[in-house]
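No experiment lies behind these values; they were computed from the predicted model shown. Here is how names work: the chains are called A, B, and so on, in the same order as the sequence lines, proteins then strands, and each is numbered from 1.
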Amino acid sequence: MPNSENTNLKKTGLYKDNIQTRRRIAALFQYFCALVTWTGVFLLALLLYQVSVDGIQWLDMQFLSSFPSRFPYKAGIKSALVGTFWLITLIAIISIPVGVATALYLHEFSRKGRIHKLIQLNISNLAGVPSIVYGIIGLTIFVRGLALERSLISGALTMSLLILPVIIIASREAIQAVPMSTRHAAFALGATRWQTAWAHVLPTAFPGILTGVILALSRAIGETAPLIMIGALTYVAFLPEGPMDSFTALPIQIFNWVSRPQEEFHELAAGAIIVLLAVLLIMNATAIYIRHKTEQKLK
Amino acid sequence: MTNKHTLEKRGIRWNEYFIRSGLGLCTLSSVVTTGVIIYILVKESLDFFTEVPLMDFLFGTQWVPLFEPSSYGVLPLLWGTLVITVGAAFIALPVGLASAVYISEYASPKVRTIVKPLLELLAGIPTVVYGYFALTFVTPLLRSVFPGFNVFNALSGAIVVGIMILPTVATLSDNALRAVPDTLRQGAYALGATSFEVTTQVVVPTGLSGIMASFLLAISRAVGETMAVTLAAGATPSLSLSMQESIQTITAYIVQVSLGDTPAGGIAYKTIFAVAGLLFVITLALNTLSQWILSRYQAEYD
């Protein structure tokens, strides 16, 4: 009688004997997902390939050591490169201490009440504010309000506002991952909160914090919109000597060259993009290396 | 001896107090930042709205702020932003979700450790580079296939923004799918479901809150995207339906003003605060909704 039972089941509409089709759909679906994913990877490869093909011919010492110019064959990225290094140093000096301190306070010191929750919410909302809005704020507060003009320090302060939420969130996650037992052990030996945080929590969380910080800084290196807002000059034929000097930076130089109609300038932009991506790659590799080292040491 | 001991203790206590206050002050800086952003946007926008009625701004269909006779209807800019965002979402949401499904449900651990970082690399590429890619690769490609395309066109912008937000969808959705307990999958497989059925009827619905949150976050990023759309889509505010034409987004307009020589304090200059305020409200709403969905629905499946 199994046969009639089977037909009864079919009548209910709950059972359909179509395992072949269903298996085929499943296989097709798997191939589709795989294909789509590898398309994403392919796009990355295509983008990198395109940039290298366009820009590699311009990459030489002359390109790295010349100032921008109206003539493509004379133009270089010296001031942009130096500007970017200045900028990133200043951003690091401003944003790392404030960001890590905030994360420490939120996780180790503050009472976990309503205000704590509100501040957390506020920080994650700040992380979602478009970068151009930070640019407008930087223009209003730093460039005009505090009369810092279109200087390196204006740019660095604006960018610090932009990446602070990122640093705070990354540091907080690293600090959260430190086992409670570490803190309890320190407290049991009579350490104060700060002694515990400084001597035990921070060192343990260091690799995680460092990774977050470097990722945040590499975001700052590539950001263009806020710098354009605060009016970082696009033609700078000198090197900045202090935080109050005006400057240009790699992404600005790239934007400037891309927005010109001539083909040669597009190729120059590709050359500058290669340098920018190389800087980003070096930073990320450093982060991975340091993390690897510290993890080994901790073991 | 005892005296010295208490003194030392008191010193430590003071130290602790100062350090605590210092750290608290740093924390305050993030609150102050929010306050300053809102204060500036509101104050300058209010200034703007004393000269241009709010209704003309919100529902006007002409955006000609820099020339006479000027007109301050923000709809063309909003439309530009909408076109780019919807176009980008059209690419990034399905592709990102399919990638997430592949990474979390099908890929072997080895493939996973290769593919995920590669997709994350896409997210780390500066947006100005995407602008370059749009202008020198995507647009020429489009123009060689469809000759009617303008040098600056909405489709090219939408495509690169789509590629740009793809990793956000893929990584966050992957996290959401991986958080789905394995017992659910095993239960479905035990009932004879195929991998397709397990994925579409069990795993994805269970992880839906996380997937939705990742969608909203990606859309919010597309709305705030600046450099790629400025370079790819041009600077022509219009209500055109055509993806072949140049359009202007809110962000691209702000860049245009800051690159020009608009004098500070004038009405044209104040427009950037009004449109930036609008941008701020839109992205804030999207981000808040995304967080709300996460906090509201996430706990159910733990």
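Checked by atom type and distance alone, the side chain of A:S131 never pairs as donor or acceptor with a backbone atom of A:A225 at under 3.5 Å. With A:H116 contributing its side chain and A:H107 its backbone, the two residues share no donor-acceptor pair below 3.5 Å.
Interface remark: B:L135 contributes side-chain atoms only to the contact with chain A (heavy atom separation under 4.5 Å). Proximity to chain A (any heavy atom under 4.5 Å) is restricted, for B:L231, to the side chain, taken from C-beta onward. With a 4.5 Å cut-off on non-hydrogen atoms, A:W38 touches chain B through its side chain but not through its backbone. Contacts of A:T140 with chain B are made by side-chain atoms alone, with heavy-atom separations under 4.5 Å and no backbone atom involved. Proximity to chain A involves both the backbone and the side chain of B:L118, based on heavy atoms less than 4.5 angstrom apart. Heavy atoms of B:F133 lying under 4.5 Å from chain A belong exclusively to its side chain. Interface residue A:R193: backbone and side-chain heavy atoms are both found under 4.5 Å from chain B. Residue B:T251 touches chain A through both its backbone and its side chain, counting heavy-atom pairs closer than 4.5 Å. Residue contact with chain A, scored on non-hydrogen atoms closer than 4.5 Å, involves the side chain of B:I163 exclusively. Residue B:L119 touches chain A through its side chain alone, counting heavy-atom pairs closer than 4.5 Å. For B:V111, the part lying near chain A is the side chain, with the backbone staying farther off; criterion is any non-hydrogen pair under 4.5 Å. For a residue to count as touching a neighbouring chain, one of its non-hydrogen atoms must lie under 4.5 Å from one of that chain's; by this rule B:E105 does not touch chain A. With a 4.5 angstrom heavy-atom cutoff, B:S195 touches chain A via backbone and side-chain atoms both. Interface remark: A:A270 contributes backbone and side-chain atoms alike to the contact with chain B (heavy atom separation under 4.5 Å). Heavy atoms closer than 4.5 Å to chain B are found nowhere in A:L28, neither backbone nor side chain. Only the side chain of A:L139 comes within contact range of chain B, with heavy atoms under 4.5 Å apart. Only the side chain of B:T226 comes within contact range of chain A, with heavy atoms under 4.5 Å apart. Interface residue A:L161: only side-chain heavy atoms are found under 4.5 Å from chain B. Heavy atoms closer than 4.5 Å to chain B are found nowhere in A:T39, neither backbone nor side chain. Proximity to chain A (any heavy atom under 4.5 Å) is restricted, for B:L41, to the side chain, taken from C-beta onward. Neither the backbone nor the side chain of B:S290 comes within less than 4.5 Å of any heavy atom of chain A. Residue B:Y269 touches chain A through its side chain alone, counting heavy-atom pairs closer than 4.5 Å. Only the side chain of A:V133 has a heavy atom closer than 4.5 Å to any heavy atom of chain B.
Using modelled atom types and a 3.5 Å distance limit, the side chains of B:T271 and B:Y253 yield a donor-acceptor pair.
Of the inter-residue distances, the one linking A:I230 atom CD1 with A:S154 atom OG reads 5.5 Å to the nearest 0.5 angstrom. Taken from CD in A:E263 to CG in A:D54, the straight-line distance is 7.5 Å, to the nearest 0.5 Å.
Under a cut-off of 6.0 angstrom, the local environment of NZ in A:K112 is crowded, with over 12 non-hydrogen atoms contributed by other residues, nucleotides or ligands. For CZ of A:F187, the number of neighbouring non-hydrogen atoms (other residues, nucleotides, ligands) closer than 6.0 Å is greater than 12. Heavy atoms from other residues, nucleotides or ligands lying under 6.0 Å from OH of B:Y189 number more than 12.
If you tally non-hydrogen atom pairs under 4.5 Å between each of B:V115, B:I103, B:V128 and chain A, the highest count goes to B:V128. The candidate from B:G24, B:S99, B:G22, B:G224 with the greatest count of non-hydrogen atom pairs under 4.5 Å with chain A is B:S99. Chain B forms more heavy-atom pairs under 4.5 Å with one residue of A:L43, A:L280, A:L164, A:L46 than with any other, namely A:L46. When each of A:A101, A:S218, A:S110 is checked for heavy-atom pairs under 4.5 Å with chain B, A:A101 comes out on top. When each of B:L97, B:T136, B:T34, B:N287 is scored by its heavy-atom pairs under 4.5 Å with chain A, the top score falls to B:T34. Listed options A:V100, A:T224, A:L276, A:V51 were ranked by heavy-atom pairs under 4.5 angstrom with chain B; first place goes to A:T224. For the set B:M227, B:E225, B:E44, the entry with the most heavy-atom pairs within less than 4.5 Å of chain A is B:M227. Between chain B and the options A:L121, A:L215, A:N125, heavy-atom pairs under 4.5 Å are most frequent for A:N125.
We find that A:R219 and A:E223 are joined by a salt bridge, their nearest charged nitrogen and carboxylate oxygen being less than 4.0 Å apart.
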